[in-house]
Amino acid sequence: MTPEELDQIAEDERAEQGKYTERVNVCVAAGCLSCQSQSVKDALDQEVGSRGTKDRCQVKGVGCMGLCSEGPLVSTSNGILYKKVEAADSPAVLDSLAGEPVARLVCPTDVPFFQRQKKIVLENSGVIDPERIEDYIAANGYTALIKALTEMSQREVIDEVTKSGLRGRGGAGYPTGLKWSTVSKSVGAQKYVICNADEGDPGAFMDRSVLESDPHRVLEGMLIAGYAVGASEAYIYVRAEYPLAIKRLRNAIRQAERVGLLGSNICGTRFSFRVDLRLGAGAFVCGEETALIASVEGKRGTPRPRPPYPAMEGLFGKPTLINNVETYANIAPIIRNGGEWYAQVGTEKSKGTKVFALAGRVENTGLVEVPMGISLREMVFEIGGGIPEGRKFKAVQTGGPSGGCLPTDCLDMPVDYESLARAGSIMGSGGMIVMDESSCMVDVAKYFMDFCMTESCGKCIPCRVGTFQMRRILEAIGNMTATEQDLKLLEELCELLKHTSLCGLGQSAPNPVLSTLRSFAEEYRAHIQEHKCPAGVCGQPAGETL
Amino acid sequence: MVSYVAKPVAPSQDKRWKLVDATIRRQGAQPRGLIEALHTVQEAFGYLDVQALRYVAMSLRVPLSRAFGVATFYHFFTLKPAGEHTCVICMGTACYIKGAPQLLDAVRKDLGIAPGETTPDKKVSLLTARCLGSCGLAPAVVYDQEVAGKVSTAAVREHLKKWTVA
Amino acid sequence: MSPVATVKTLKIDGRDVSGRQEETILDVARQNGIFIPRLCEMDGLSDVGACRLCLVEIKGQNKLLPACVTVVEEGMEVTTGSERLNNYRRMILELLFTERNHVCSVCVSNGHCEMQMLAQRLGITHVHFPYRYPKEEVDASHERFVIDHNRCILCTRCLRVCDEIEGAHTWDIMGRGIDAKVITDLNESWGTSETCTSCGKCVQVCPTGALFEKGRSVAEMMKRRQFLPYLTMMREENE
Amino acid sequence: MSKKKIATVWLDGCSGCHMSFLDMDERLLALAGAADLVYSPLVDAKEFPPDVDVTLVEGAVSSEEDLRKINMIRERTKILVSLGDCAVTANVPGMRNPFGTKAVYDRAYRENVTFDPGVPDQVVPALLPTSRPVHEFVKVDIYIPGCPPSADNIYYAVTELLEGRTPDLTLKTRFGS
């Protein structure tokens, strides 16, 4: 593959697509697929076939369009977005390409949910066919790789990433450029690149969506990283629970190998790079980098003390770069447009955009990409459209089991790494779960502690036994049988786990408890002293839903 | 490396062992391929039994106890055969606050089994997932690989009835 | 290379000490007669940093670091026994006591148990977390040894000595978290293990009464540990 | 100064701690000079007095009767001492906990009984689901672990308490000693 050949593919593809005057894009990411979007696409295909307009009307399966709660979503070349489309709607949708929109299906796009977004990571999501490399290439795909390989030194690539201010999107926010630089300086003939796609936080589905909607973007980011740090082998560690993402990644790797973007001597340079998949098998702790490495090596996914850091001694004892899916997905645009371009977006310390999975008790649930620094209020009430059924906002949970619950008085806080940490939560991977007055914060804390206990690997004592004891206390509070003494024990355990656990899982396991204790102390008190659950969740027999 | 232990023979003539052998070969018969090989076994046979663990361990030169340790560390792997149908209830945060516990409760009651168990007639296995990533559609349930969103207690009961009434 | 170049000087508990550059804080403390509590660490086996009892404070560092795996650095100032550290250690030990069924009075290792002695040394007179009382098994199928899971603290010394010194890798851990358990082979009874050489090293390194020789009654199980440094030394001789 | 009042109680334990108490031998006479033993399995008092200074509790809390007693005793005692491993850790009585009460009843009243096997529903107080240390039910002021604690340690603890000091037993005894 030479730069010219890449251009040729792009041109051919654009010419091919230019033949169509009408286009209908159907979301075939997991969210819409589970609402039968495949049958919608099939019906549209069939309808176009029977109308004999195949040569001018293209029906394309594309990635996630964001508003999962309204799926299946369909967009048309005359700029209309349709929601909750059924197979039977296909004639009407096709008719509308040359006429009036189908009013009953129209999903307005002049609303904050779409208008407030800024798409860098998701620029191709919902636009290109994730199963065709040509479509990615036609959308400027792999030009950043070519640029890096043919015009930039390894140092320059790292400098550009450093300049962008990009920080790890997996949760902790470690500066990406610095990480790359450390790995590039590590001595060793063999180095590895790993993509952490073991999206573990419950309530987070950003990475899954990126992998399903634009897998080549992640590969391109990994390739550039491999070139920059001097690695020739890479693994994508992806959750086995994401079969569609796995299928599309496998397909993308095969395609990239076929056209010579993966393999030996890429673009005629000395750079060779191979990517293989490794399937996670249901262990949250494998999001921790040393545990992830153990898992890639085929072992039990237990973390080990650091140092040595993976950048020095990682996979098979070799220097290893580990970044998360979204981090890699940011690389190509940074190289294409320059680090300074990227750094214009966001806040002083948190640059660029962040993809969030908005879920829970909020009108619009789905995937959004926003500039860093946007306020929680904008997220929940403008983009999210507020709380349904006229109920009152209570908290928004960020950072999953390592994060915290942010109450009303945090609503005007900007969403960036530092502000969230100051408020007792973390950015995490980007799950954002909105809760209203129907949620009990003790119950939420218990839920997360239950999660941490089940996911504790058991290697270190504080986490293994501490999470059990904490969950027991939270359960007792929920059953109205706890005493003030139990609350004291709970606080002691929070402190112990935070300071003595071996890895991040144990160290951050107290966060959901600490943040709810801080902001919703009166709910704990009500359970303990008055034996009452203000939200009416605890101690109630489970009722019917919806 | 000299092989001191003879290459093990597949536990049976079952063709599915060919799939497992292919994965083992692709991993260069190295210990690092253990998890990949276990995935293949589970995909082919539905679960991992002691026989399969022994075969994979010996083929990849992995100590037996480590193979068992790995197989039981990861919750995706199961050592018991699943029922004819599986019902997975997502217990992710979004699903949890939108009523997954009530769904689980209803299913437990209807089937009389706990998560991780299979009904005595081997018809249905009940599982929970830590998050399916279908949070936009919470609460979510997977019926035999198919994800359903915004599931109500009535809906899940209805679906299970289809499986259990033969 | 001159040996001088690789020597680091540091302070442990206010005392000026020195160590070679690959040595850990624990190594240097041990050489200088400074006691740091630990249960998973054992001289002669690899270090895992899992029990968290050897956490120490290092001046200028926010995080507590495990002395068993943290290598010494020039000018380091280490505190090994602050009230805060000992408080954490007591809680960790207490958690261990609640985790399974440690009944010292009827234990073969009573009086020779590392966990029991540490608890005393750290001044534990009672456990202020509720006990779990799980149902654990006792496997007496081996002709010479017994494993009583009630007393196991999952320190993994048996795994390591079996894997690293004996080379059998009979032991490993199954499950995870609070449900984790040491196993032999494919979770079969010890007596039927195909890989166990019955060398008994696991029994000798076990810090509690979880692994013991048959025929020992209460307080009768004394562990012999001298073989470990000796074996390690002889191995290195032969290399 | 009036003499202090001491009591000892025997919950679910083997009475070994009380034997150890008696092992104080001639020091018992010295103690008797400083305090009265107002309630104990070793003396004839039937009622637990309302204002005891120091109560030593042997045994775990295993039955409804134990629970009733310990609550009453706590109310009537200034300084409550958990004496011995059963009181401190539940020790041997706690070894039944993983098996559940049914197994205990069956073993005691059915399997090993030849005449009229059956669980009594009167006189014998019902077992609690688990046998637990005293401090899981009431506040305990002093802990003397040991199985049994030595007479020396008991004497040391009691004399310190009678003198108004808090005994430090941390390095003197341990679980199982």
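These numbers come from a predicted model, not from an experiment. Chain letters run A, B, ... following the sequence lines, proteins first, then strands; residues in each count from 1.
Of the residues considered (Gly360(A), Ser438(A), Ala281(A)), Ala281(A) shows the highest number of contacts with chain B, using heavy-atom pairs under 4.5 Å. When the candidates Ala240(A), Ala359(A), Gly31(A) are compared by the number of heavy-atom contacts under 4.5 Å with chain B, Ala240(A) comes out ahead. Comparing Gly301(A), Ala30(A), Gly366(A), Cys35(A) by heavy-atom pairs within less than 4.5 Å of chain B, the highest count is held by Gly301(A).
Considering every non-hydrogen atom in both Ala283(A) and Tyr74(B), the closest pair reads CB-CD2, 3.8 Å. When all heavy atoms of Tyr447(A) and Thr93(B) are compared, the closest pair comes out as OH-N, 2.8 Å. Cys135(B) and Gly203(A) make their closest contact through SG-CA, 3.4 Å (heavy atoms, listed as atom of the first residue, atom of the second, distance). Listed here is the closest heavy atom pair of Pro202(A) and Cys131(B): CA-CB, 3.5 Å.
Here Cys68(A) contributes atom SG and Leu137(B) contributes atom CG; the two are 6.5 Å apart, rounded to the nearest 0.5 Å. Atom CD1 in Ile433(A) sits 10.5 Å away from atom NZ in Lys98(B) (nearest 0.5 Å).
Using a 4.5 Å cut-off between heavy atoms, Val296(A) contacts chain B through its backbone alone, with no side-chain atom that close. For Cys457(A), the parts lying near chain B are the backbone and the side chain together; criterion is any non-hydrogen pair under 4.5 Å. Within the 4.5 angstrom heavy-atom criterion, only backbone atoms of Leu277(A) (N, CA, C, O) approach chain B. Using a 4.5 Å cut-off between heavy atoms, Arg130(B) touches chain A through backbone and side chain atoms alike. For Glu199(A), no part lies under 4.5 angstrom from a heavy atom of chain B. With a 4.5 angstrom heavy-atom cutoff, Gln27(B) touches chain A only via side-chain atoms. For Ser295(A), the parts lying near chain B are the backbone and the side chain together; criterion is any non-hydrogen pair under 4.5 Å. Interface residue Ser439(A): only side-chain heavy atoms are found under 4.5 Å from chain B. For a residue to count as touching a neighbouring chain, one of its non-hydrogen atoms must lie under 4.5 Å from one of that chain's; by this rule Ala204(A) touches chain B with the backbone only. Looking at Ser209(A), there are no atoms closer than 4.5 Å to chain B (heavy atoms on both sides), in backbone or side chain.
Side-chain contact between Asp443(A) and Tyr96(B) is present, with at least one heavy-atom pair separated by less than 4.5 Å. A 4.5 Å side-chain heavy-atom check between Arg208(A) and Ser134(B) finds at least one atom pair inside the cut-off. Residues Glu297(A) and Pro31(B) are not in side-chain contact: their nearest non-hydrogen atoms beyond the backbone lie 4.5 Å or more apart.
Between the side chain of Lys299(A) and the main chain of Leu34(B), no donor-acceptor pair closer than 3.5 Å is present. Checking side-chain atoms of Arg239(A) against main-chain N and O of Leu132(B) turns up no donor-acceptor pair under 3.5 Å. Between the Arg300(A) side chain and the Gly69(B) main chain, a donor and an acceptor come within less than 3.5 Å of each other.
Scanning residues 78-91 of chain B against chain A with a 4.5 Å non-hydrogen threshold yields Met91(B), sorted by number. At a heavy-atom separation below 4.5 angstrom, chain A is approached by Ile35(B), Glu36(B), His39(B) within residues 35-44 of chain B.
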Worksheet item: Would Gln397(A) and Ile97(B) satisfy side chain to side chain contact (heavy atoms under 4.5 Å, CB included), going step by step from the backbone distance to the final call?
Response: CA-CA 11 Å; Gln397(A) 210 280 342; Ile97(B) 70 161; over 6 Å; no
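In this structure, Arg32(B) forms a cation-pi arrangement with Phe316(A), its terminal cationic atom sitting closer than 6.0 Å to the ring centre and no more than 45° off the ring axis.
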